[in-house]
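Let me begin by presenting the structure, written as structure tokens, before commenting on it.
Every number for a ligand or one of its atoms is a count from 1 in the order of the listing.
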Amino acid sequence: MTKKKLSRIDIQQMRERKERLPWITAYDYWTARFAEEAGMDMILVGDSLGMCIYGYEGTVPVTMEQCICHSEAVRRGAPNTFIIGDMPFLSYQVSVEEAVRNAGRFFKEARVDALKLEGGRRVCRQIRAIVDAGMPVMGHIGLTPQSSGQLGGFKAQGRTAEAAMELIEDARAIQEAGAFSLLVEAIPQEVCRIIHDDLKIPVYGIGAGGEADGQVMVCSDILGIFQTFTPKFVKKYENLGEKTLKVFTQYAKEVRNGEFPEEKHTYKMVEGELAKLETLLK
Ligand code: KIV
């Protein structure tokens, strides 16, 4: 049976029914296919593709072109899943006009269902304008990797009362600006709970405890492919990194010692044609 794609309204109703949504990042066709088949409620084409696909140190170098290109592939793999495009660094900070234009590119070229923007009160004008142009927006506060330089690294946020209060004000402003949901990253569980209870829109977590309306994880983290570092909040469900290395090593060994390819991997000429060819070669 073909899966029914969720709408923004379904997602709001799921919060009201206290249903928790599992979602995940994907950057390519195959991962998106598996995510849809596994029944993920949403897929984020995260700018974490900078680290997971391109090997950058962070998300800052990621471009609109890269995000659009990967979102197109993900859409082809998951035609019936609610897909969120992650707006990369400097695609929305410079002006409200640029933010709306770049959000529109995601919609028109990659057919995503929503956009995600990092930042609190400082991006609320952009959120309002994108929503007014007819596109659903998810906010993202806490550890916001695009501004990790300003935050002093990839560190948990909101651990003091004052810092938590800033996050709560940001969350309120994002809801007020018309966002349909909010992602909170790497913040204490207690602060996530307060934000969740304070807002009416769904609040999702990554590294924010188990009390949110759902969880997102980076696919390369839970598959055990991303080897550079593992944040505290990641659970590795598999070690595909180790398995991939094993496969590549075995393949290289078999090519070197002539074990691969075997007879069953080999094409044959039509019967009698080899003899004819040998005559032609004389
Ligand atoms: O880009 C990303 O992967 C994210 C995570 C917080 C899920 O934004």
Report task. Output the set of protein residues with a heavy-atom contact under 4.0 Å to ligand 1, ordered first by chain identifier and then by residue number. Result -> Thr25, Leu44, Gly46, Asp47, Ser48, Asp86, Lys116, His140, Leu183, Glu185, Ile206, Val216, Val218
Report task. Could you tell me whether the side chains of His196 and Glu211 share a donor-acceptor contact shorter than 3.5 Å? Result -> no
Query raised in the report: Between Asp10 and Lys4, does at least one N-O distance fall below 4.0 Å, as a salt bridge requires?
Result: yes
Query raised in the report: Does a side-chain heavy-atom distance below 4.5 Å link Leu115 with Pro136?
Result: no
Report task. For residues Trp23 and Met42, report the shortest heavy-atom separation together with the two atoms involved. Result -> CB-O, 2.9 Å
Query - Electrostatic pair Arg193-Glu190, nearest N-O below 4.0 angstrom - result: no
Query raised in the report: What pairs with Glu37 under side chain to side chain contact (heavy atoms under 4.5 Å, CB included), at least two apart in sequence or on another chain?
Result: none
